[in-house]
There are 4 protein chains.
Amino acid sequence: MKSTSKTIETPVMSNKYAQKKVVAIEAAAQVFADKGFHGATTQDIAAVMGIKQGSLYYYFRSKEQALQEVCEYGFENYVAQMDKICARAQPFQATMQMIITSHLTNYRQKNNAMKVHNDQRLYLPKERRVLLKELGTKYRRLLESTISDGISSNALRADIDPHFVAYSIIGICNSWGAYLVRDEALDLFDTIEQCADLVLRGILN
Amino acid sequence: MKSTSKTIETPVMSNKYAQKKVVAIEAAAQVFADKGFHGATTQDIAAVMGIKQGSLYYYFRSKEQALQEVCEYGFENYVAQMDKICARAQPFQATMQMIITSHLTNYRQKNNAMKVHNDQRLYLPKERRVLLKELGTKYRRLLESTISDGISSNALRADIDPHFVAYSIIGICNSWGAYLVRDEALDLFDTIEQCADLVLRGILN
Amino acid sequence: MKSTSKTIETPVMSNKYAQKKVVAIEAAAQVFADKGFHGATTQDIAAVMGIKQGSLYYYFRSKEQALQEVCEYGFENYVAQMDKICARAQPFQATMQMIITSHLTNYRQKNNAMKVHNDQRLYLPKERRVLLKELGTKYRRLLESTISDGISSNALRADIDPHFVAYSIIGICNSWGAYLVRDEALDLFDTIEQCADLVLRGILN
Amino acid sequence: MKSTSKTIETPVMSNKYAQKKVVAIEAAAQVFADKGFHGATTQDIAAVMGIKQGSLYYYFRSKEQALQEVCEYGFENYVAQMDKICARAQPFQATMQMIITSHLTNYRQKNNAMKVHNDQRLYLPKERRVLLKELGTKYRRLLESTISDGISSNALRADIDPHFVAYSIIGICNSWGAYLVRDEALDLFDTIEQCADLVLRGILN
DNA sequence: AATGAATGAGCATTCATTCAT
DNA sequence: CATGAATGAATGCTCATTCAT
């Protein structure tokens, strides 16, 4: 019992900080997603958190650090989802459906951090992108080997380039993701379905 | 007559001015494409033009005005191209090929203005986007009716949504366009071909 | 008796506090000596003490208060030494030797508080310098009457101005003291000897 | 005529800038001398110049740059004076008199830049002290060889260390210089004379 | 006795913009 | 046409200080 409660209690203090740090990251994500990294001010972020500007530096060493953490937070989550999806043994089409669903659902649920990662990570200096690069590589590999597997299993045409297709899927999804964020009336499931249909079957008769 | 007098009336200076104004717009486009609207400084733009910061205001009333003009310049060009492409009477696949070619070629030729329009136009206040909206509508209509025509002519499946497909194509093209800008080694014609193939035939076997 | 009761009255906690207060003063002295008053942060001082920034205020009401206490601590010590030296009945040259030794030894032993007093006390508002002024007066009198005595006893030339000479000696010593702090290889006894020699005999042949 | 006027006219614009830059350096010198580098604000300097804070950056790239330029300005002047003094063929005592006069006169004439160099140059990062180090070396050499010459010519005792004596003279002069700045009533010529007398003849009977 | 958390004021610096020349 | 010079407002960031716990 004790040990159980301990396991829960021990990180109480750091938990409080950790909890509020997450709040901080999400506030920053929201603001960066809205105004872009350079268009956002630390004041904006602090306002979303309900604290004063100076206090923000209790959670981030700098604005750039905040961008880095937002990007990592958003991308880590997303890559973890991909990992789970690709780990399941299931036919190709189901996997593709889930990947698109995961991607677009993230946007609709205002996963601002992912949007920020996609749109603003290039404003980070290279040193701050090391982890992101690793995650990106992992992610691309997951997607590309999913497609390669699809080819091997004859589900997909043999003459497509997995790398090219992977990148294209990301492109379509990001494009529709941005749309989903801007237009709340847009139906999520409809969008998912059409994306998948387009990618899988093309438009030719 | 009228047109003649007009051509004559605009004095030489105006011509010189107009020429240098284009230089200014392209300089601004380059800088905005590189650093984003908020990340760019008027000093950056002036430096590219080889003039001093204050002199820039001879060409733009404000930084925002510069962004607006860059966006309009880039998009006008592009929509004009679309117009020409769609005006030709030719089979659907040829049209689609040309559209994608036009889009991606623009990126490869560092048509920064188009990139700026795509990535940064939302930083303009709504009032400054009136013309852009009109152009966008025209553009979407051209693309969508091309697709609708494709459906009518039985070239395309009847169950696709022209609006959705149009938007998706733009998404893929922008995504690959950004890639083409970043990676100079990437082959342009290869990319065009694969884009078209993916959109037209999908990936399923 | 009195002294005994005093020693007993101050409770154990006070003792512990007093001990740690000295640690605090010496930490502040070190940091102020290194970075100057305005260049130092309370965080720096706390770090030297191994406590957190906020906790520093248990020992000092303010940063300025800390500077004041450091100065007083450093100067009181030094003036007390002077007092002892001047109280001894000994020939003038021996006294002068001891004064210079005392001054320079303090620097070499990283008596940062003295350095801070010499270099930074002017950043204190006048109200905070009352005690320091008294100490300074006492110190100057000690030094000047030592010199006056030297004149009376015919050890020194009759035509020198005790005030001027006193101030000059302090100047030389501070100058060499700073050097001693910066260059650890510099020999202490050598320096003392040469200082004394210069002051006493000048450089003329 | 033309050429004459040209020679004068050509640098007119840069002259205006250069003139005001000197004003800027002297304003910075005054403020740094008063409050120390870290205690001074760019606002203080701007106020002395009668311009707004932001405009200061038209003359200095940064506050640190300002400190560097002040130090160099102050020290260059002083070393140049030394150069002239030491170049003259004259007996040792006359040279020494002039050196002390030059040093103390600079202080009395509120040569704040020299004071700043003496007291604040250590707050500059090493990279910013390259020129200052060179000047310092030159200066020390001038002073030391003056003393060495004094020894050679039998004017000075053979058993003194030129380096030590040089440094001590600087120490005394700086000490009295600070005094001269603080106490306007102090007589300049008196101080010079006593400094020289002390250094040359010592205090022993 | 100490700390985590927050604050507010200040500060260096940047930058769009203006304007006389 | 262009520039030098200046401005003012903003912005990221630091830091002394406070206080509940």
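Below, read A as the first sequence line, B as the second, and so on, with proteins coming before strands; counting in each chain starts at 1. For clarity, every value in this text was computed on a predicted model and none was experimentally measured.
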Does [N] have OP1 or OP2 under 4.0 Å away from a side-chain N or O of [X]?
X: A/Y58; N: E/dA5; value: yes
X: C/Y57; N: E/dT3; value: no
X: D/T42; N: E/dA12; value: yes

Checklist entry - Hey, does the side-chain of D/Q43 have a donor or acceptor N/O within less than 3.5 Å of a partner on the base of E/dC11? => result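 Side chain to base: no pair below 3.5 Å.
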
Can you measure [X] atom [atom1] to [N] atom [atom2] for me and round it to whole angstrom units?
X: A/L56; N: F/dC15; atom1: CG; atom2: C1'; result: 16 Å
X: D/F32; N: E/dC11; atom1: CZ; atom2: P; result: 13 Å
X: D/K63; N: E/dT14; atom1: NZ; atom2: P; result: 14 Å
X: A/F37; N: F/dG12; atom1: CZ; atom2: P; result: 8 Å
X: D/Q19; N: F/dG4; atom1: CD; atom2: C1'; result: 15 Å
X: A/K52; N: F/dG12; atom1: NZ; atom2: P; result: 17 Å
X: D/F60; N: E/dT13; atom1: CZ; atom2: P; result: 12 Å
X: A/N15; N: E/dA5; atom1: CG; atom2: P; result: 11 Å

Specify whether [X] and [Y] have parallel, tilted or perpendicular ring planes, treating 30° as the upper limit for parallel and 60° as the lower limit for perpendicular.
X: D/F75; Y: D/H117; value: parallel
X: D/F37; Y: D/Y123; value: parallel
X: D/Y17; Y: D/Y58; value: perpendicular

Checklist entry - Of A/A40 and C/H38, whose nearest nucleotide on DNA chain F comes first from the 5' end? => result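 The residue whose closest nucleotide sits nearer the 5' end is A/A40.
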
Item to check | Closest-nucleotide ordering on DNA chain F, the 5'-leading residue of C/R61 and A/E64 | outcome: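 The residue mapped nearer the 5' terminus is A/E64.
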
Checklist entry - Rounded to the nearest 0.5 Å, how far apart are NE2 of B/H38 and NZ of A/K35? => result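 Those atoms lie 8.5 Å apart.
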
Next on the checklist: Please check this pair: side chain of D/D44 against backbone of D/T41, looking for a donor-acceptor N/O pair closer than 3.5 Å.
Outcome noted: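 The answer is yes, because a donor-acceptor pair under 3.5 Å joins these two groups.
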
Give the nucleotide from the list [options] with an atom nearest to the side chain of [X].
X: A/I51; options: E/dA16, E/dA1, E/dT7; answer: E/dT7
X: C/Q53; options: E/dC11, F/dT17, F/dG12; answer: F/dT17
X: C/S55; options: F/dC1, E/dT18, E/dT3; answer: E/dT3
X: D/Y59; options: E/dT17, F/dA6, E/dA6; answer: F/dA6

Next on the checklist: Against A/Q68, only a single residue in A/K63, A/R128, A/R121 fulfils side chain to side chain donor-acceptor pair (under 3.5 Å); can you say which?
Outcome noted: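 Answer after filtering A/K63, A/R128, A/R121: A/R128.
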
Checklist outcome for this item: Secondary structure of DNA chain F per the Watson-Crick/G-U criterion (both distances under 3.5 Å; [ ] crossing, | other strand, . unpaired) is .||||||||||||||||||||

Item to check | Polar side chain donor-acceptor pair, A/Q65 to A/E69, under 3.5 angstrom | outcome: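 Yes, because at least one side-chain N or O of A/Q65 sits under 3.5 Å from a partner of the opposite role on A/E69.
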
Checklist entry - Closer to the 5' end of DNA chain E via nearest nucleotide, is it A/K20 or B/G39? => result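 Whichever sits nearer the 5' end wins; that is A/K20.
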
Checklist entry - Which heavy atom in A/L124 sits nearest to a heavy atom in A/C71, and how many Å separate them? => result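 For A/L124 and A/C71, the tightest heavy-atom pair comes out as CD1-SG, 4.4 Å.
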
